[in-house]
Amino acid sequence: MKSSNARSRMPNLLSLCVALLVAAIMWYAVSVRDRLEAQVEVNIDYNGIPSNLVITEGLINKVAVRLRGPETLLRSFSRQNLTQAIYLSHVKKGTTVVPLSADSFGPLFRAFEIVDILPTRVVIKADTLIERRVPLHAIMDSPLRGGALTVENVSVTPASVILRGPEGVVAYISSIPLNIMLDSKATGDTVAQTVALDTPNLVTAIPSSVKVEYTITSGRTVVARRCKVVLIADDSREYSVSPVDLTVQMEVPEALSKNSAYLGQLEVSATPPPLEPGQSGNAPLRFRLPEGMTLLNPVVGEVTITRKKK
């Protein structure tokens, strides 16, 4: 009976040996044979930044990691979008050096040998995060020359905002300039605009935009000007136009109604259609107006252009 039991255990022992051999071969194929090196880019996420600090310099988006491992695993791994978290809970105000080593990287990389990491460290500068209320300083800006527009009843709501950012920046800000570009065509009525605040880097404003209201009290008037029609063509001398010039009526700020340099910026042009020598055709007029000028209904909407015979 004992001899029979011994013979029955022999196949089981043989199967176990074969299984161990196959496992060893597979382990060798995956872990030892055809080991390669490859460089991969790893995106960096920063976690755990103390709530009373703001990072002012040193954060990098990605690092280059050189890995060594089995060819099969390495090729599939290098095609992934890799991300590694770096914890900054130990960062203090001032400069902190954060080394980057194999110990810094998580379980995602444990199947490989990390040969090198570039850069080898991150040098981070941090400052205390503070909040401070500062007033807004309205600066009225005009697209027209000085004095062409007069403004009254300027109001900014709210008149002050809270700045949040690094102490080394926020502590030295006494006010926020608010550049208000005037509507050069408005007159009499109250103009309301929402203006976004422009703050230094790493500084946010609460709220980030304010409401601005103002009234342009300078008037507008209608003037007429005789303008020559300019032909836009490679060789305008090959064409003639009818009419050669026309009278244009426009509305302008009163302060500029007699300013020849300003009124002279009005241009009337037309582009010849495809024409054979001796042929004529109509072309629409194009008007280029300076800032603050409004074109009233033109008497002529198009002109006749003739290509001269050679």
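All residue numbers refer to positions in the sequence shown, counting from 1.
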> Which heavy-atom pair separates Pro177 from Ser175 by the least distance, and what is that distance?
Replying inline: CD-O, 3.8 Å
> Out of curiosity, Glu254 CD to Ser218 OG, how far, rounded to the nearest 0.5 Å?
Replying inline: 7.5 Å
> Is the CZ atom of Arg237 crowded by more than 12 outside heavy atoms at less than 6.0 Å?
Replying inline: no
> Any sub-3.5 Å donor-acceptor pair from Tyr87's side-chain atoms to Ile49's backbone N or O?
Replying inline: no
>> Looking at Glu251, is its backbone amide N or carbonyl O close enough to the side chain of Arg220 to form a donor-acceptor pair, meaning the two atoms are under 3.5 Å apart?
In response: yes
>> With a 4.5 Å cut-off on side-chain heavy atoms, are Thr120 and Leu100 touching?
In response: no
> When rounded to the nearest 0.5 angstrom, what is the spacing between CZ in Arg288 and CE in Met293?
Replying inline: 10.5 Å
>> For a quick check under 3.5 Å, do Ser184 and Glu291 share a side-chain donor-acceptor pair by atom type?
In response: yes
>> For a quick check under 3.5 Å, do Ser160 and Arg133 share a side-chain donor-acceptor pair by atom type?
In response: yes
> Excluding sequence neighbours, so at least two apart, what forms side-chain hydrogen bond (donor to acceptor under 3.5 Å, both in side chains) with Asp183?
Replying inline: none
> Nearest 0.5 Å, what's the OH-CD1 distance between Tyr239 and Ile305?
Replying inline: 8.5 Å
> Quick one: CG on Leu263 to NZ on Lys258, what's the gap to the nearest 0.5 Å?
Replying inline: 11.5 Å
> Would you find more than 12 non-hydrogen atoms of other residues, nucleotides or ligands less than 6.0 Å from Asn52 atom CG?
Replying inline: yes
>> Please give me the minimum heavy-atom distance between Val63 and Phe105, naming the atom from each residue.
In response: CG2-CZ, 4.1 Å
>> Between Glu167 and Lys93, does any NZ, NE, NH1 or NH2 come within less than 4.0 Å of an OD or OE carboxylate oxygen?
In response: yes
> Within the side chain of Tyr262, is there an N or O that forms a donor-acceptor pair under 3.5 Å with the backbone of Leu144?
Replying inline: no
> Can you name the closest pair of heavy atoms from Asn282 and Glu302 and give their distance?
Replying inline: ND2-OE2, 3.5 Å
> Out of Ile139, Val161, Leu197, which residue meets the side-chain contact (heavy atoms from CB on, under 4.5 Å) rule with Leu178?
Replying inline: Leu197
>> Take a 6.0 Å sphere around CG of Asn47 and say whether it holds more than 12 heavy atoms from other residues, nucleotides or ligands.
In response: yes
> Is it true that Glu37 and Arg66 have a side-chain N and a carboxylate O under 4.0 angstrom from each other?
Replying inline: yes
> Any ion pair linking Arg307 and Glu276 (charged N to carboxylate O, less than 4.0 Å)?
Replying inline: no
> Less than 4.0 Å between a side-chain N and a carboxylate O, is that true for Lys308 and Glu238?
Replying inline: no
>> Would you compute the distance between atom NZ of Lys185 and atom CG of Leu289 and round it to the nearest 0.5 angstrom?
In response: 7.0 Å
>> Could you check whether atom CZ of Arg132 has more than 12 heavy atoms from other residues, nucleotides or ligands sitting under 6.0 Å from it?
In response: yes
>> Any donor-acceptor pair under 3.5 Å linking the side-chain atoms of Asp127 with those of Thr56?
In response: no
> Between the side chains of Asn43 and Asn81, does any donor sit under 3.5 Å from an acceptor?
Replying inline: yes
>> Looking at every heavy atom in both Gln249 and Ala224, which two are closest together, and how far apart are they?
In response: CG-CB, 4.1 Å
> Do Ile162 and Val134 come close enough that some side-chain heavy atom pair is under 4.5 Å?
Replying inline: no
>> Is it the case that atom CZ in Arg225 sees more than 12 heavy atoms from other parts of the structure closer than 6.0 Å?
In response: yes
>> Could you measure the distance from the CD atom of Glu57 to the CG atom of Leu59? Nearest 0.5 Å is fine.
In response: 10.0 Å
>> Using the rule given for side-chain hydrogen bond (donor to acceptor under 3.5 Å, both in side chains), can you reason through Glu213 versus Thr190, listing the C-alpha separation, both sets of side-chain angles and the distance that settles it, and then say yes or no?
In response: CA-CA 7 Å; Glu213 292 185 345; Thr190 298; over 6 Å; no
> Can you tell me if Thr217 and Thr150 form a side-chain donor-acceptor pair at under 3.5 Å?
Replying inline: yes
>> I'd like to know whether Thr204 forms a side-chain hydrogen bond (donor to acceptor under 3.5 Å, both in side chains) with Arg164, so could you lay out the CA-CA distance, the side-chain angles of the two residues, the decisive distance to 0.1 Å, and finally the verdict.
In response: CA-CA 5 Å; Thr204 57; Arg164 190 170 190 267; 5.5 Å; no
